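Worksheet: the structure to be examined is printed underneath.
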Amino acid sequence: MITFAPGPSKVYDRIPTYFQDAYEQGILSANHRSEVFMNLYRDTEETLKLKLRVPANYKLLFTSSATENWEIITQSLVRHSSFHIFSGSFGKKWFGFAKHILKDTDKIQLTPEQEIEVDELNIGQGHDLIAITQNETSNATQVKMDTIGALGKQFPDKMLAIDTTSSMAGIHLDFSLADIWYASVQKCFGLPAGLGLLILSPKAIEKSEAIGEKGRYNSLNFMLENAANFQTHYTPNVLGIYLLNRVLHDMEDIRQVHEHTEKRMKALEQIVAQSGSLEFLVKNDATRSRTVLGVGGKETFIQQIKKDALSEGMQLGSGYGNLKPISFRIANFPALTDAEFNQLAQFLARY
Ligand SMILES: *Cc1c(COP(=O)(O)O)cnc(C)c1O
């Protein structure tokens, strides 16, 4: 069975080899204050920066999930309150967690077809951070890099925090455009869940130090003190970090990955455009995600096509939340092979 679900998603076929290597190399029992672990952390950070084209002076931190990053950002990187712009469920959840901690947290909710109109945004002095879900997995939408760039220009005094949980390692992100980026590994990294990544610019680190929040197990300053020595603040998910290290070493430069992702998405889009019964969940191609395709249709049709796919060994990703009965989603993630993708394309082309 091949799963096209957008998270947890298909893991790389090489994972069993990596597992075996981790066991044989003794890394699984390595102390997280040891040279062995520190070298693994250092090498993983360097390789991530190289392959994903992250600026050299940014810092990689390990967390447990993207969800944890929501809370870390609000606790440790927001001085007054954050302002959230989103169209889907993950963006809304992030807003909810932030609002729980800081009551002045505010938002604009867009429709999935709406681009962010940067010129028309009015965000007051009380908001020192803007929160963007770059790839909204729930409704298969995206925010373009150009828009993130324009936000940074329009609001130079506010910090941008970008959720790229289902796009990092799948498309080329311009990390210079924002100070806070995060993801977790069970989407485009093709890994088992249980590890979150938080990538911070020097400006974000300075801000965290200036705010000086301390005392929680995941207070960012506490994490940064440990990370300065390539250590973590608690016994980390060493296996997850090891697997990430191997995936990063084996992946191509993100620019090539990006091209590949784009090529496959265009092929899928063409099938939907030519189909008599498949419909784009997101009609606006400016807001349509490049790593997750949403396909809409009548409830009976969606039920039937998911069943037909299963009988041919393919699991389509279900729609999210209230979109569940009227849509399915396809993960266009690098761990899916071209052969698997072609099988899906041939299947979809029949509808
Ligand atoms: C999956 C996802 C999350 C949550 O990730 P966890 O690792 O489960 O915390 C957050 N944001 C987006 C956009 C996601 O796709």
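Numbers for residues simply follow the sequence, beginning at 1. Treat the numbers as computed from the prediction; the structure is a model and nothing was measured. Remember, it's 1-based here, ligands and their atoms both numbered in the order they're listed.
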Looking just at side-chain N and O atoms, do [X] and [Y] make a donor-acceptor pair shorter than 3.5 Å?
X      : Y      : result
Asn221 : Ser219 : no
Glu113 : Thr111 : no
Ser318 : Lys306 : yes
Asn218 : Glu68  : yes

N/O contact list for ligand 1, threshold under 3.5 Å:
residue, atom, partner, partner atom, Å
ligand 1, 7 (O), Ala66, N, 3.4
ligand 1, 7 (O), Ser184, OG, 2.8
ligand 1, 7 (O), Gln186, NE2, 3.0
ligand 1, 9 (O), Ala66, N, 3.3
ligand 1, 9 (O), Thr67, N, 2.8
ligand 1, 9 (O), Thr67, OG1, 2.6
ligand 1, 11 (N), Asp163, OD2, 2.8
ligand 1, 15 (O), Thr137, OG1, 2.3
ligand 1, 15 (O), Lys187, NZ, 2.7

Between Tyr320 and Lys92, is there a cation-pi geometry (under 6.0 Å to ring centre, at most 45° from the normal)?
no
Counting heavy atoms not belonging to Tyr234, are there more than 12 under 6.0 Å from its OH?
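Atom OH in Tyr234 is packed in, count exceeds 12.
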